[in-house]
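To start, the structure itself, in structure tokens.
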Amino acid sequence: MADENSRASSKKRASAEGDSENNKRSKVENGDMADKYNPYLAHTYENNDMEGSSLLSGMKRRETTARQAERAEDGEYNPWTGQPHSQRYFGILKTRRDLPVHKQRAEFLEMYHNTQILVFVGETGSGKTTQIPQYVLYDELPHLNKKLIACTQPRRVAAMSVAQRVADELDVKLGEEVGYSIRFENKTTPRTLLKYMTDGQLLRESMHDHDMSRYSCIILDEAHERTLATDILMALLKQISERRKDLKIIIMSATLDAQKFQKYFNNAPLLAVPGRTHPVEIFYTPEAERDYVEAAVRTVLQIHATEPEGDILLFLTGEEEIEDACRRISLETDEMIRESDAGPMVVYPLYGTLPPQQQQRIFEKAPAPLRKGGRPGRKCIVSTNIAETSLTIDGIVYVVDPGFSKQKIYNPRSRVESLLVSPISKASAQQRAGRAGRTRPGKCFRLYTEKAFKKELIEQTYPEILRSNLSNTVLELKKLGVEDLVHFDLMDPPAPETMMRALEELNYLACLDDDGELTTLGGLASEFPLDPSLAVMLITSPEFYCSNEILSITSLLSVPQIWVRPNSSRKRADEMKRQFAHPDGDHLTLLNAYHAFKGAENRGEDVKKWCHEHFLSFRHLSSADNVRNQLLRIMESHGLELMSTPFNDKNYYVNIRRALVSGFFMQVAMRESTNSKVYKTIKDNQLVMIHPSTVLDNPYEWVLYNEFVLTSKQYVRTVTNIRPEWLLEIAPQYYNLEDFEKGEVKTALTRVAEKVQRRQAMKGGR
DNA sequence: GAGCACTGC
């Protein structure tokens with residue numbers, strides 16, 4: 001508030017003095033309002049009103065020096081706003097100049113001037129994410145050529161928080177000169193010069209701007225994480241750089257795997273900046289451990305008993321393992337306190353599905369000694385991989401690394417994505433160890449041998465693109481105008497079989513024609529931030545008179561499970577769920593729960609309380625609502641009609657079930673035999689069971705499922721009863737019986753086809 | 001009759 005006021009008053013003073021910059025500004029403000037407030041025209045917006053840009057007047061775009069920039073930064077007036085710099089600004093500026101990356105500003109600029117693509121390696125604490133984009137800003141001088149600078153991040157929180165930090169550093173208001181753009185929130189204005197965004201967001205933008213023409217420089221940060229979006233962006237940018245020689249590209253990465261990036265970008269020059277972390281001493285076990293959870297618990301207790309003050313971070317693979325380890329550590333610590341006067345230790349679990357409030361608890365201070373002069377307390381955090389990249393906890397001095405994590409793997413043959421506990425990579429192990437040295441020198445205890453580290457761990461975790469179903473990606477690439485997928489220059493090309501599977505799936509969904517060209521339906525489907533099957537279902541739903549309901553179901557399927565089932569009250573939670581149950585299955589049950597939620601909201605009830613009472617996740621239902629609004633807007637903008645079958649029409653639910661088939665006809669299973677609980681998936685012939693979370697209690701013969709989960713058994717989850725004749729009618733291209741191999745499925749479907757024919761013949765005969 | 005690494009549009 002205080003900042004706002006001082007800014008406003010100084011502006012007044014300036015115009016009273018007849019400041020020419022300010023006169024210009026008012027002229028522009030009377031200009032074309034429509035253009036001015038269209039965010040998509042940000043780069044064409046004439047902002048000649050750049051207050052204070054005269055402070056940069058001696059500088060020539062892409063020929064500036066570090067000295068010039070620093071002089072501008074040191075000035076009394078902010079060159080980007082024309083306002084006097086605040087006291088706080090100079091304080092921050094001092095700390096910025098202490099960052100390791102600052103020493104190489106001149107070197108960076110020199111390289112930047114002489115190359116189109118630059119690979120930049122900076123370890124944690126180098127300051128690259130905040131500083132490099134600012135160095136670029138002072139060199140690109142975006143107000144001169146109306147093009148933005150973009151810096152991508154793999155995660156939303158990072159895009160938001162870094163943007164805020166950089167806005168503070170530049171002494172501007174977030175959303176003005178420095179902004180961010182993430183799904184559901186675009187915090188930029190036509191004045192924005194530097195924009196932080198998620199990599200997925202830039203990818204989505206580029207579907208409508210194949211040359212990324214709004215930008216003069218694109219910085220891909222955290223490229224070593226190799227997210228799907230980063231990998232595709234790298235390939236696109238490599239292509240675009242050929243057409244747009246004026247576009248500069250910086251690839252920023254944390255690892256020394258940078259040579260791979262360099263080579264990929266035609267031997268682009270490389271600049272490396274040291275990080276600022278403390279040394280971490282690494283210990284290995286002399287022999288391999290049989291039970292890593294047991295070994296991990298033991299190691300934590302040993303640290304607590306023998307090592308000096310400092311918090312502990314233990315990496316495990318999943319919720320169950322973590323909760324179990326937390327219990328064991330707490331119990332043993334209590335005993336240690338009783339028997340050997342150990343200090344107190346609080347244990348916090350940390351994983352993604354934990355409610356944010358509980359996640360926040362990890363930042364609480366370690367407990368004080370039990371008595372004056374007693375041994376110091378500490379905290380121990382038992383976490384999934386989330387603490388490896390997404391969340392940073394200061395004060396960690398000891399890391400315990402058993403060497404495993406859950407990783408997504410994709411089997412194109414069975415078309416199944418699953419999570420598997422696998423050994424981590426060397427890069428991951430280094431990242432984990434690094435978490436011990438953020439505030440002072442630390443120790444990392446690896447629960448595997450040094451030999452195993454050197455010989456058995458792979459260098460880098462396989463990039464996501466090699467571990468995923470690519471239907472979505474292939475559809476995006478088609479929309480991005482990539483004609484030849486086989487020769488599309490990805491850093492790590494996926495297996496041809498994975499590509500073939502994706503093409504085949506998209507062809508069945510009629511998103512691609514037989515020549516592999518994008519169809520109208522495919523083009524439309526790519527507009528939605530959804531998997532192709534969900535998008536197709538949504539687009540087709542008006543034909544089934546239930547687009548409103550399918551829109552809700554699609555949103556509910558795009559967020560984490562809305563059902564809450566605490567260990568302590570499973571039975572009550574299940575009873576509550578039964579209130580919403582629909583006899584035909586889980587999709588309709590989701591819809592019932594959503595309608596009840598909206599009903600409570602419309603009645604003006606305390607929805608949070610209502611959700612709690614009904615064992616529903618308020619967070620996830622709200623986020624489904626958010627998604628629904630976004631999808632709704634996209635539907636409206638493409639003229640897709642919103643309609644419902646009247647609720648008392650006997651076809652209300654039938655229409656919805658039929659609409660489900662239009663997107664999910666490839667995810668259908670048939671019961672093995674009467675009274676059997678085993679089903680067989682159509683065409684893939686996988687034996688599956690219906691997941692115990694289902695509301696279905698009738699052993700229906702044909703079911704459609706949302707997902708295939710591979711855990712202790714093969715399950716299909718979120719399941720709805722369907723009629724086989726719908727399959728033949730709605731997806732004849734997939735259910736062409738001539739293509740089916742001999743077996744029960746073919747026999748059953750043939751019988752159904754004959755029945756349908758007989759019925760039609762009788763109707764015709766009458 | 002059981003689970004859910006983490007992101008992103």
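With B:dT7, B:dA2, B:dC9 as the choices, the nucleotide that has an atom nearest any side-chain atom of A:I182 turns out to be B:dC9. Side chain of A:R570, nearest nucleotide from B:dC4, B:dG3, B:dG8: B:dG3. Across B:dT7, B:dA2, B:dC4, the shortest atom-to-atom separation from the side chain of A:S693 is found for B:dA2. Side-chain proximity of A:D574 to the nucleotides B:dT7, B:dC9, B:dA2 is greatest for B:dA2. The side chain of A:R155 lies closest to B:dT7 when the candidates are B:dT7, B:dA2, B:dC9. Distances were taken from every side-chain heavy atom of A:E464 (C-beta onward) to each of B:dC4, B:dG3, B:dT7; the shortest belongs to B:dT7.
Neither side chain, A:T389 nor A:Q431, offers a donor N or O lying under 3.5 Å from an acceptor on the other.
Contact check on A:D492 versus A:K260 returns a salt bridge, with a Lys/Arg side-chain nitrogen under 4.0 Å from an Asp/Glu carboxylate oxygen.
Seen from the ring of A:F315, A:R432 counts as a face-on cation partner, given the 6.0 Å and 45° thresholds.
For B:dG3, the OP1/OP2 oxygens have no side-chain nitrogen or oxygen of A:K713 closer than 4.0 Å. Between A:R156 and B:dC9, a side-chain N or O to OP1/OP2 separation shorter than 4.0 Å is present. For B:dT7, the OP1/OP2 oxygens have no side-chain nitrogen or oxygen of A:T198 closer than 4.0 Å.
Residue A:R226 is out of contact with every strand shown, counting any heavy-atom pair closer than 4.0 Å.
Judged by distance alone, with hydrogens and angles left aside, A:R204 brings no side-chain donor or acceptor close enough to the base of B:dG8 to form a pair under 3.5 Å.
Heavy-atom distances to DNA chain B give each of A:P529 and A:T384 a nearest nucleotide, and the one nearer the 5′ end belongs to A:T384.
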